[in-house]
Amino acid sequence: MSPITPADRIKNLPPYPFAAIDKAREKARAEGKDIISLGIGDPDLPTPAFIVETLQAAASDPKTHRYPDYTGRLDYRKVCAEFMKRRFGVDFDGATEILALIGSKEGIAHAPLAFLNPGEVALCPDPGYPVYAVATGFVGGLVHRMPLLEENGFTPDLSAIPPDVAAKAKMMFLNYPNNPTGAVVSREFLTKAVDFCIEHDIVLVYDNAYSELAFGGYKPLSIFEIDSARDVAIEMHSLSKTFNMTGWRIGFAAGAAAHVGALGQVKTNVDSGAFDAIQLAAMEALRRYDDAMVLANYDVYGARREACEKKLEDIGIRYLKSPATFYVWCNVPTDETSASFCARVLADTGVVFTPGTAFGDRGEGYFRIALTVREARLLEALDRVEALL
Ligand SMILES: *Cc1c(COP(=O)(O)O)cnc(C)c1O
């Protein structure tokens with residue numbers, strides 16, 4: 001029997017952006033090349049020990065073994081609210097305005113189910129985190145791509161959104177500090193974005209996955225530091241990048257009770273919450289977000305960024321200087337496409353970069369370096385690329 005045909009939404013998915021890279025990497029590995037992967041944004045550093053120890057103790061308590069609360073433990077949500085207050089100076093009621101997420105990707109992917117009717121438009125950054133557009137398509141929504149251009153500091157030009165698109169738009173996704181470009185935004189831009197969303201009745205999903213991964217005293221903003229953001233915004237937070245906890249799958253959404261509640265209704269019907277022991281460990285993490293052990297992690301990424309930027313200057317590769325994230329967004333230094341440049345670098349040097357086009361058409365001409373290997377390996381990778389060029 002031939003397999004049953006999957007739904008159109010699966011058949012129509014864009015090709016997995018990393019498939020070509022994965023294949024080329026396996027080929028290079030099979031040829032015995034020493035691969036240095038600067039492709040995936042997954043911290044190589046371990047979760048701080050005090051968080052692991054809290055999980056170990058919590059997991060031994062049978063009380064954590066049963067179904068968790070759908071919306072998250074109340075004590076977890078209260079600690080999330082305290083974090084929002086201490087870190088950003090914004091007030092949230094843990095009982096109604098915070099929702100636990102099984103990683104922020106989960107909240108982002110479910111948000112269109114909560115807010116978008118078929119045929120309505122979601123405004124998605126290009127280049128951008130691929131989940132925004134795919135999740136929009138899953139619910140029959142239409143994607144309008146907002147180009148992130150170098151001349152605008154990789155922020156969208158809201159005045160370039162055609163009025164008929166703005167009228168049909170119901171959601172906007174924004175993410176700063178930004179993946180893949182590393183760009184950060186000004187309060188002025190965020191104020192414009194909030195005003196635009198208020199004017200057009202648009203839910204602003206603000207993906208703040210990199211809010212803590214910043215260096216040299218730079219402090220990324222919460223969207224809720226902008227006046228009236230509460231009328232339109234829902235902000236997604238993740239412990240993944242902040243505490244090197246990508247494998248743990250824990251985050252939270254913050255926003256007005258009506259917005260957070262709509263997302264909660266989706267989740268109640270889809271999942272059954274995050275493991276209680278993980279929430280207990282996450283509480284300890286968020287309470288100690290400014291602990292020296294946590295801050296030391298950012299210093300490691302900051303030092304890698306500095307070393308990488310200096311080396312790129314030596315090689316003569318242009319890049320976006322940034323005070324945040326563990327990504328460096330670089331201009332392709334040859335007249336090749338992003339994909340062919342990255343394929344050639346991989347085949348000849350064993351170094352994996354992500355072509356900008358993996359994040360959308362507007363990524364053409366760029367590639368992304370993830371600073372998720374030791375500094376010595378990072379510099380060795382760049383030495384190899386220098387020799388190739
Ligand atoms: C890593 C990442 C996330 C997802 O983080 P999880 O909490 O691990 O699901 C969300 N958005 C962006 C832009 C990311 O880079």
Side-chain angles (χ1 to χ4, degrees), residues 7 9 12-13 70-72 77 80 84 90 92-93 95-126 128-146 156 158 161-176 190 192-209 222-224 226 228-238 251-271 273-274 360:
R9 71 176 66 84
N12 297 341
L13 274 178
Y70 288 122
T71 55
R77 287 179 283 137
C80 295
M84 294 300 288
V90 291
F92 285 95
D93 175 359
T96 58
E97 298 180 322
I98 302 281
L99 177 69
L101 299 175
I102 308 172
S104 64
K105 180 180 185 178
E106 180 263 300
I108 292 163
H110 283 142
L113 272 174
F115 296 109
L116 210 59
N117 289 310
E120 289 176 340
V121 170
L123 305 166
C124 302
D126 179 5
Y129 188 56
V131 181
Y132 312 139
V134 169
T136 297
F138 274 174
V139 303
L142 306 175
V143 173
H144 177 83
R145 293 179 197 275
M146 303 183 291
L158 301 175
I161 298 169
D164 60 316
V165 172
K168 272 191 292 181
K170 187 72 191 303
M171 296 183 82
M172 177 190 286
F173 292 94
L174 287 178
N175 158 232
Y176 294 97
L190 292 182
K192 272 194 232 164
V194 167
D195 289 346
F196 182 91
C197 289
I198 290 174
E199 182 185 341
H200 298 285
D201 274 324
I202 292 170
V203 177
L204 175 52
V205 176
Y206 197 73
D207 178 356
N208 217 342
S222 162
I223 194 69
F224 295 110
I226 307 301
S228 307
R230 213 173 267 265
D231 295 349
V232 286
I234 178 162
E235 183 161 281
M236 306 298 184
H237 280 272
S238 168
F252 65 91
H259 300 150
V260 162
L263 183 58
Q265 274 182 292
V266 173
K267 285 175 53 57
T268 302
N269 288 285
V270 174
D271 64 64

Practice problem: Please name the pair of heavy atoms, one in Val143 and one in Ala133, separated by the smallest distance, quoted to 0.1 Å. | Solution: CG2-O, 3.7 Å
Exercise. Classify the ring geometry between His237 and Phe252 as parallel (under 30°), tilted (30 to 60°) or perpendicular (over 60°).
Key: parallel
Quiz item: Is there side-chain contact between Glu235 and Met84, with heavy atoms separated by less than 4.5 Å?
Solution: yes
Practice problem: Compare all side-chain heavy atoms of Asn175 with those of Pro125 and state whether any distance is below 4.5 angstrom. | Solution: no
Quiz item: Are any of the side-chain heavy atoms of Val260 and Thr71 separated by less than 4.5 Å?
Solution: no
Exercise. With side-chain contact (heavy atoms from CB on, under 4.5 Å) as the test, would you mind laying out the steps for Leu13 and Phe138 before giving the verdict?
Key: CA-CA 9 Å; Leu13 274 178; Phe138 274 174; 3.9 Å; yes
Self-check item: Heavy-atom closest contact (Cys197 atom, Leu204 atom, distance)
Solution: SG-CB, 3.9 Å
Self-check item: Interatomic distance, Leu263 atom CG to Leu101 atom CG [nearest 0.5 angstrom]
Solution: 6.5 Å
Quiz prompt | Heavy-atom closest pair, residues Pro112 and Thr136 | solution = CG-N, 4.0 Å
Self-check item: Arg77 side-chain N/O to Leu99 backbone N/O, donor-acceptor pair under 3.5 Å
Solution: no
Exercise. Decide yes or no on side-chain contact (heavy atoms from CB on, under 4.5 Å) for Met172 and Leu158, but give the supporting numbers first.
Key: CA-CA 11 Å; Met172 177 190 286; Leu158 301 175; 3.8 Å; yes
Quiz item: Could you go step by step and tell me if Val165 and Leu142 meet the side-chain contact (heavy atoms from CB on, under 4.5 Å) rule?
Solution: CA-CA 10 Å; Val165 172; Leu142 306 175; over 6 Å; no
Self-check item: Side-chain heavy-atom pair Phe173, Met146 within 4.5 angstrom cut-off
Solution: no
Quiz item: For the atom pair CG (Asp271) and OG1 (Thr268), what is the distance rounded to the nearest 0.5 Å?
Solution: 8.0 Å
Quiz item: Got Tyr132 and Asp207 here, is their nearest side-chain heavy-atom distance under 4.5 Å?
Solution: yes
Exercise. Compare every heavy atom of Ala100 with every heavy atom of Gly72, then report the nearest pair and how far apart it is.
Key: CA-CB, 3.5 Å
Self-check item: Min side-chain heavy-atom separation Ile202-Phe196 under 4.5 Å
Solution: yes
Exercise. Classify the ring geometry between Phe92 and Phe224 as parallel (under 30°), tilted (30 to 60°) or perpendicular (over 60°).
Key: perpendicular
Quiz item: Shortest non-hydrogen contact from Pro156 to Leu174?
Solution: CG-CD2, 3.9 Å
Self-check item: Shortest non-hydrogen contact from Cys80 toward Ile98
Solution: CB-CG2, 3.7 Å
Exercise. Just grab all the salt bridge (charged side-chain N to carboxylate O under 4.0 Å, His left out) pairs involving residues 96-116, residues at least two apart or on different chains.
Key: Glu97-Arg230, Glu106-Lys267
Quiz item: Do Val194 and Val232 touch side chain to side chain, with heavy atoms closer than 4.5 Å?
Solution: yes
Quiz item: With sequence neighbours left out, what residues match Leu190 under side-chain contact (heavy atoms from CB on, under 4.5 Å)?
Solution: Val185, Tyr206, Leu221, Ile223, Ile226
Quiz item: Does any non-hydrogen side-chain atom of Leu123 lie less than 4.5 Å from one of Val121?
Solution: yes
